[in-house]
There are 2 protein chains.
Amino acid sequence: MHTCTDAFDCFVSRVLPKRTGPETVRLFRTLGSHVHLKADRQLHYPDDEPTLVFLCDGATKLVAHASDHREQVLAFHFTGDLLTLPAHGAHSYTLEALVECDLMTFPYAQFLQAAEKHQQVLTQLLERSTVSLQRSREKTLTLGRKSALERVSSFLLSMAERIGRGEGSEVKLDLPMSRRDIADSLGLTIETVSRQFTLLRDQGLIRTQGRSGVTLLRVDELDRRAGHLRVAA
Amino acid sequence: MHTCTDAFDCFVSRVLPKRTGPETVRLFRTLGSHVHLKADRQLHYPDDEPTLVFLCDGATKLVAHASDHREQVLAFHFTGDLLTLPAHGAHSYTLEALVECDLMTFPYAQFLQAAEKHQQVLTQLLERSTVSLQRSREKTLTLGRKSALERVSSFLLSMAERIGRGEGSEVKLDLPMSRRDIADSLGLTIETVSRQFTLLRDQGLIRTQGRSGVTLLRVDELDRRAGHLRVAA
DNA sequence: GGTGCTCCTTGATCTGGATCAATGAGATAC
DNA sequence: GTATCTCATTGATCCAGATCAAGGAGCACC
């Protein structure tokens, strides 16, 4: 759907304001690095300073590592997303490619400095950061107070919004992440996730095709299963 | 520790750059509203547009409401914090005072417009929003992958960082929130929270005084209980 | 088009934290 | 000081989801 001849050009057209001067574009070019990641590879980045990443093409997961070998997926990202990788604090973080990816990385502090003269870039950073925060808050509610079925339903609806292809009343999804990734994102085990998929399939709310294909047949019912307010009726 | 003769002045000195012109200060004054909240009262704000809140003095909780009567505390805030209240989406949100509070509220969109000419304000908004996101991500890990004991230990350490008073190797806390609030923040029940407090007390890691007083006696051991990486040694 | 692997599904059992049910202890009002 | 009410603690039981344990299905590579 979206192709870029060059990763940096893609960044420019998606993030920088239309009428950015060529000298500014050059400045950002010197700061950024183009990285190509094969599926399952993780981005290496300095762990003492935050990094800004623009995902030109592909899908990634941001993973937090607890002390032992437990992992929590904090967020999934798709083509066009801009994200900030935190410096490692009490826990460590990695960004891992779900499929083959093209991304641009920038040292956060330097990027911010370069953006200071361009409030549209700052505004956009702020806006995207707010969206991330909003998603993270929804996830907090999901992990803190929802049952396994509600979590999986919420997940499917959220993916439908981000990468779904509507076809009539149905929504088709091609999930780039494994059941393990979904489980690690929802604070469940793969077995439990699998059982909820089976449940939803048996209730006629979804159809599955192979490992990654999912069709949402009854979005309204899924909304109800997810415990969303808006479907009070 | 921190007192303001006037809420708006407090906002000016804590958020706006030092050398902001008087006409700009006046502009922000026309946008903001001063609100005084008694303990347990919630802030009323329009549910169709986001609101920016500066907490001049006091402590608040941001609560997400799931469809039925389950509640999830998304974040606690203390004097000096700047936060964005999301417009209501799939779930609804409320900001509630834990103690008597003074705050300044601004319509988010208008505030942003006013801040456009002042990149220092934008930068600060971005910075604070990044801190919120970082906290929210830590919470995600906590809710998704940690045991009850780890959650309570993490909570105490996080509170120690934000409102703790160090006294030698000990840290004293005066928690403004109830056990219910803590439970709702950690995705647990009050009974479970209480049991973890008892456990930590029996192990000699904390001491409690009344309902709200907590002294952390062994921060290093708490770090270990919380499953933090940095205390590998 | 098989062969081998990895990932997913399904079933049986176990358990951490929820739920249910009394006390007990702080705070507030009188 | 004491009555009262709310909030916190402690104990007994229960259950959703984890863990353990096989199969089965999709997919890549030869």
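Below, chain A is the first sequence line, B the second, and so on; all start at residue 1. Note that the structure is predicted; figures quoted are calculated from it, not measured.
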Quiz item: Between atom CZ in B:R145 and atom C1' in D:dT19, what is the gap in whole Å?
Solution: 13 Å
Practice problem: Tell me which nucleotide among D:dA8, C:dT10, D:dG11 gets nearest to the side chain of B:E191. | Solution: D:dG11
Quiz prompt | Sub-6.0 Å ring centroid separation between A:Y108 and A:Y45 | solution = no
Exercise. Could you say whether B:V193 or A:V193 is positioned toward the 5' end of DNA chain D, judged by the nucleotide with the nearest heavy atom to each?
Key: B:V193
Quiz item: Is any side-chain N or O of A:R211 under 3.5 Å from a base N or O of C:dT6, one able to act as donor and the other as acceptor?
Solution: yes
Practice problem: Assert yes or no for the condition that the ring centre distance of A:H65 to A:H91 is strictly below 6.0 Å. | Solution: no
Quiz prompt | Gap between atoms CG and C1', on A:D174 and D:dC27 respectively (whole Å) | solution = 14 Å
Exercise. Could you check how far CE of B:M177 sits from P of D:dC7, rounded to whole Å?
Key: 15 Å
Exercise. For A:E150 and D:dG17, give me the distance from atom CD to atom P, rounded to whole Å.
Key: 9 Å
Practice problem: Give, ordered by number, those residues of residues 195-206 of chain A having at least one heavy-atom distance below 4.0 Å to an atom of DNA chain C; if nothing qualifies, reply none. | Solution: A:R195, A:T198, A:R201
Quiz item: Is B:G213 touching bases, backbone alone, or none of the nucleic acid, heavy atoms closer than 4.0 Å?
Solution: nothing
Quiz item: Could you state the CD-P distance from B:Q209 to D:dT9, rounded to the nearest angstrom?
Solution: 13 Å
Quiz item: Which nucleotide in the list C:dG17, D:dA18, C:dT9 gets nearest to the side chain of A:T189?
Solution: D:dA18
Quiz item: Over how many whole Å does the gap from B:L175 atom CG to D:dC7 atom C1' extend?
Solution: 14 Å
Quiz item: What about A:H34 and A:F54, are their ring centers closer than 6.0 Å?
Solution: no
Quiz item: OP1 or OP2 of C:dT9 sitting under 4.0 Å from any side-chain N/O of A:R179?
Solution: yes
Practice problem: Please work out if A:S194 contacts a base, only the sugar-phosphate, or nothing of the nucleic acid, heavy-atom cut-off 4.0 Å. | Solution: base
Practice problem: Ignoring backbone atoms, test whether B:T192 places a side-chain nitrogen or oxygen under 4.0 Å from the OP1 or OP2 oxygen of C:dG17. | Solution: no
Quiz item: What heavy-atom pair brings B:Y93 and B:L62 nearest, and what distance separates the two atoms?
Solution: CB-CD1, 4.4 Å
Quiz prompt | Rounded distance in Å - CG (B:D181) to P (D:dA8) | solution = 9 Å
Self-check item: Closest heavy-atom pair and its distance - B:L173, B:L156
Solution: CD1-O, 3.9 Å
Quiz item: So, for B:L74 and A:R137, which heavy atoms are closest and what is the spacing to 0.1 Å?
Solution: CD2-O, 3.5 Å
Practice problem: State whether A:F197 and A:R179 meet the cation-pi test: NZ (Lys) or CZ (Arg) under 6.0 Å from the six-membered ring centroid, and within 45° of the perpendicular axis. | Solution: yes
Quiz item: Between B:R180 (CZ) and D:dT6 (C1'), how many Å, whole number?
Solution: 12 Å
Quiz item: Across the strands shown, which category fits B:L188 at heavy-atom distances under 4.0 angstrom: base, sugar-phosphate, nothing?
Solution: sugar-phosphate
